[in-house]
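First the structure, in the form of structure tokens, and then the observations on it.
Remember, predicted model here, so these are calculated numbers, not experimental data. Just so you know, residue 1 is the first one in the sequence shown, and it goes up from there.
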Amino acid sequence: MLDEKQLANVHAHKQTVQTISRELATDPKKREQFLADPAGFLKKAGVPFQGKIELSERDQQILKLVADPEISAIYNSGNLPQLAQ
């Protein structure tokens, strides 16, 4: 969990965080690097971060799910019933 100072720091680097988010969704190599060491990945990308980020198995699966091109296409089509399946 982020404390107030860390949250403010992430907010101060909002543009970088948005870029990282897009990269994680589109670049499998960067996604694997992030999953291996989230805090280190953020630091390397220019978002100073103190501490460790522990992603649960569910967190990791969600990240992989949103990066799935088929899921993205369904989402972009607006077909929510199909997406729910």
Between A67 and R31 the two heavy atoms that sit nearest each other are CB-NH1, 3.0 Å
When you look at I62 and R58, which way does the side-chain contact (heavy atoms from CB on, under 4.5 Å) test go after all the steps? CA-CA 6 Å; I62 289 170; R58 184 171 187 239; 3.9 Å; yes
To check you understand the geometry: which heavy-atom pair defines the closest contact between L55 and P38, and what is its length? CD1-CG, 3.8 Å
Flag side-chain contact, heavy atom, 4.5 Å: K64 against D68: no
Closest non-hydrogen atoms of F41 and K30, given as atom of the first, atom of the second and distance, are CE1-O, 3.6 Å
What are the two closest heavy atoms between T26 and P28, and how far apart are they? O-CD, 3.5 Å
How far apart are the C-alpha atoms of Q15 and T19, what are their side-chain angles, what is the distance that settles it, and do they pass the side-chain contact (heavy atoms from CB on, under 4.5 Å) test? CA-CA 6 Å; Q15 189 65 39; T19 299; 4.3 Å; yes
Stepwise, does the side-chain contact (heavy atoms from CB on, under 4.5 Å) test hold for K29 with E23? CA-CA 9 Å; K29 183 177 178 182; E23 289 174 342; over 6 Å; no
More than 12 heavy atoms of other residues, nucleotides or ligands under 6.0 Å from CD of Q18: yes or no? yes
For atom NZ of K44, decide whether the heavy atoms of other residues, nucleotides or ligands shown that lie under 6.0 angstrom number more than 12. no
If I take atom CG from residue L35 and atom CG from residue L24, how far apart are they, to the nearest 0.5 angstrom? 7.5 Å
